[in-house]
Chemist: 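If you scroll down you'll find the structure; I have some questions about it.
The basis for the numbers below is simple: all heavy atoms, side chains too, and nothing from hydrogens, waters or symmetry mates.
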Amino acid sequence: MPDPAGTIETATPIETATPTETATPTAAAAIGVARILFGACVIAVLGYGYLEGLSHGRSNPFDYFGYFTNLTSLLTSAILIASGSSTLRGRSPGTVLVSARAASITGMIVVAVIYNGLVPGTASAPPWVSAILHAVLPFAAVLDWMLVGDRPRLPWRRIWIVLPYPVLWLTVVLVRGATDGWVPYGFLLPERGLPLLAATVAGLLATLLVAAAGVWAGSRLRGVRGALRR
């Protein structure tokens with residue numbers, strides 16, 4: 001209807017979807033599928049590593065997954081698959097899944113730092129298997145965490161959640177070392193003596209907490225939130 005100035009009010013044209021909004025479901029689906037496929041591939045690599053060890057007399061699965069690298073890689077892969085499935089279904093990751101993902105990534109950082117920095121070349125698996133577990137998986141997990149912003153800012157007061165799993169692993173390993181004599185890594189051998197073992201454990205836990213601080217800080221990066229906006 002005419003306005004007081006005699007001009008005619010025209011209807012506002014309907015806004016069309018921007019390219020970013022149109023591409024959003026595709027980007028989210030691609031990220032979800034990538035996580036699932038990558039997690040499944042790492043599990044397949046772990047399976048190959050176990051089967052390959054059978055030919056060398058390493059048949060005990062408790063020994064194979066007694067290695068922090070193997071067990072943490074398995075858990076990280078399972079969490080990646082769960083996270084990818086959540087993304088594909090269009091669901092926001094719950095607190096439990098985000099916390100588990102943060103803890104697993106922290107563990108993978110420790111794997112990369114300790115192996116590549118302190119004991120390189122000591123893995124019994126084929127070199128390409130070792131490279132995937134000690135370098136490719138940690139790098140991919142950290143990159144996914146930093147660049148894809150589908151996680152909330154983690155409160156610093158909850159950084160302790162990275163401790164129960166490695167502490168439990170260390171406890172089991174030290175008990176096994178004192179009873180049946182098996183340990184996955186030479187720096188945890190009981191014959192090194194209690195003071196040196198205590199210092200080693202303290203150093204490992206300190207490395208873990210430093211890695212966790214990086215993961216918690218990384219949760220404050222925006223990442224590609226727009227690409228995952230539902």
Chemist: If only atom types and distance count, is the side chain of Thr72 paired as donor or acceptor with the main-chain N or O of Thr69 below 3.5 Å?
Modeler: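 No, Thr72 side chain to Thr69 backbone: no donor-acceptor pair under 3.5 Å.
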Chemist: Minimum heavy-atom separation for Arg151 to Leu221, with atom names?
Modeler: NH1-O, 2.9 Å
Chemist: May I ask whether Leu118 and Val173 are part of the same hydrophobic cluster, defined by side-chain heavy atoms of I, L, V, M, F, W, Y residues being less than 4.5 angstrom apart, directly or through others?
Modeler: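 Yes; tracing contacts between hydrophobic side chains, which count when under 4.5 Å, links both residues.
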Chemist: Let's go through Leu143 and Val148 carefully: what are the C-alpha distance in whole Å and the side-chain angles of both, what is the deciding distance for side-chain contact (heavy atoms from CB on, under 4.5 Å) to 0.1 Å, and is it a yes or a no?
Modeler: CA-CA 8 Å; Leu143 199 66; Val148 183; over 6 Å; no
Chemist: Do you know which two heavy atoms are closest between Pro152 and Ser219, and how far apart they sit?
Modeler: O-CB, 3.6 Å
Chemist: Taking the side chain as every heavy atom from C-beta outward, state whether Pro126 and Val129 have any pair of such atoms under 4.5 Å apart.
Modeler: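 Pro126 vs Val129: side chains touch.
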Chemist: Taking Ser59's backbone N and O only, do any of them form a donor-acceptor pair with Tyr50's side chain (distance below 3.5 Å, no angle check)?
Modeler: yes
Chemist: Kindly determine whether Tyr67 and Trp182 satisfy ring pair (Phe, Tyr, Trp, His ring centres under 6.0 Å), including the steps that lead there.
Modeler: CA-CA 11 Å; Tyr67 285 88; Trp182 185 89; 5.8 Å; yes
Chemist: Please tell me whether Val162 and Leu71 are part of a single hydrophobic cluster in this structure, the criterion being side-chain heavy atoms less than 4.5 Å apart.
Modeler: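 Val162 and Leu71: one cluster.
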Chemist: For the hydrophobic clusters of this structure (ILVMFWY residues joined by side-chain heavy atoms under 4.5 Å, transitively), does one cluster hold both Val136 and Val113?
Modeler: yes
Chemist: Are Leu208 and Val201 in one and the same hydrophobic cluster, where Ile, Leu, Val, Met, Phe, Trp and Tyr link if side-chain heavy atoms are under 4.5 Å apart?
Modeler: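 Both belong to a single hydrophobic cluster.
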Chemist: Set out, in order, the CA-CA distance, both residues' side-chain angles and the distance that settles side-chain contact (heavy atoms from CB on, under 4.5 Å) for Val210 and Thr207, then state yes or no.
Modeler: CA-CA 5 Å; Val210 171; Thr207 304; 5.8 Å; no
Chemist: For Pro138 and Leu133, which heavy atoms make the closest approach, and how far apart are they?
Modeler: CD-O, 3.4 Å
Chemist: Yes or no on side-chain contact (heavy atoms from CB on, under 4.5 Å) for Leu209 and Trp160, after CA distance, side-chain angles and deciding distance?
Modeler: CA-CA 8 Å; Leu209 290 174; Trp160 63 267; over 6 Å; no
Chemist: Any donor and acceptor pair, going by atom type alone, linking the side chain of Arg220 with main-chain N or O of Trp216 inside 3.5 Å?
Modeler: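 Here the side-chain-to-backbone pair exists.
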Chemist: Is the gap between the ring centers of Phe68 and Tyr115 under 6.0 Å?
Modeler: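 No, the ring of Phe68 stays outside the 6.0 Å limit from the ring of Tyr115, centre to centre.
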Chemist: Does Asp63 form a side-chain contact (heavy atoms from CB on, under 4.5 Å) with Arg176? I'd like the steps, not just the answer.
Modeler: CA-CA 10 Å; Asp63 290 352; Arg176 286 199 63 183; 2.8 Å; yes
Chemist: Locate the shortest heavy-atom distance separating Leu188 from Leu174; write the atom from each residue and the value.
Modeler: O-CD2, 4.3 Å
Chemist: Work out which heavy atom in Ala211 is nearest to a heavy atom in Val110; give both atom names and the distance.
Modeler: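 In terms of heavy atoms, the two residues are closest at CB-CG2, 4.3 Å.
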Chemist: Short question: side chain of Ser83, backbone of Ile79 - any donor-acceptor pair under 3.5 Å?
Modeler: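 Looks like no, no N/O pair under 3.5 Å.
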Chemist: Roughly how far, to the nearest 0.5 Å, is OG of Ser77 from CE of Met108?
Modeler: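 Answer for the CE-OG pair, Met108 versus Ser77, is 8.0 Å.
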Chemist: Testing Leu80, Ile43, Val33 one by one against Phe38 for a side-chain contact (heavy atoms from CB on, under 4.5 Å), which residue passes?
Modeler: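 So, applying the side-chain contact (heavy atoms from CB on, under 4.5 Å) to Phe38 and each of Leu80, Ile43, Val33, only Leu80 qualifies.
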Chemist: Is it the case that the ring center of Tyr48 lies less than 6.0 angstrom away from the ring center of Trp128?
Modeler: yes
Chemist: If every non-hydrogen atom of Gly186 is compared with every non-hydrogen atom of Arg192, which pair is closest and at what distance?
Modeler: O-CD, 3.5 Å
Chemist: When you measure from the side chain of Asn116 to the backbone of His134, do you find a donor-acceptor pair of N or O atoms at a distance under 3.5 Å?
Modeler: yes
Chemist: Can a salt bridge be assigned to the pair Arg91 and Asp150 using a cut-off of 4.0 Å between side-chain N and carboxylate O?
Modeler: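 No, this pair does not count.
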Chemist: For Asp144, check side chain to side chain donor-acceptor pair (under 3.5 Å) against everything at least two apart and list the hits.
Modeler: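 Partners of Asp144 under the side chain to side chain donor-acceptor pair (under 3.5 Å) test: Arg35, Arg101.
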Chemist: Are Ile161 and Leu97 grouped together when hydrophobic residues (ILVMFWY) are joined by side-chain heavy atoms under 4.5 angstrom apart?
Modeler: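 Hydrophobic grouping puts Ile161 apart from Leu97.
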Chemist: Measure from the ring center of Phe139 to the ring center of Trp145 and say whether it is less than 6.0 Å.
Modeler: no
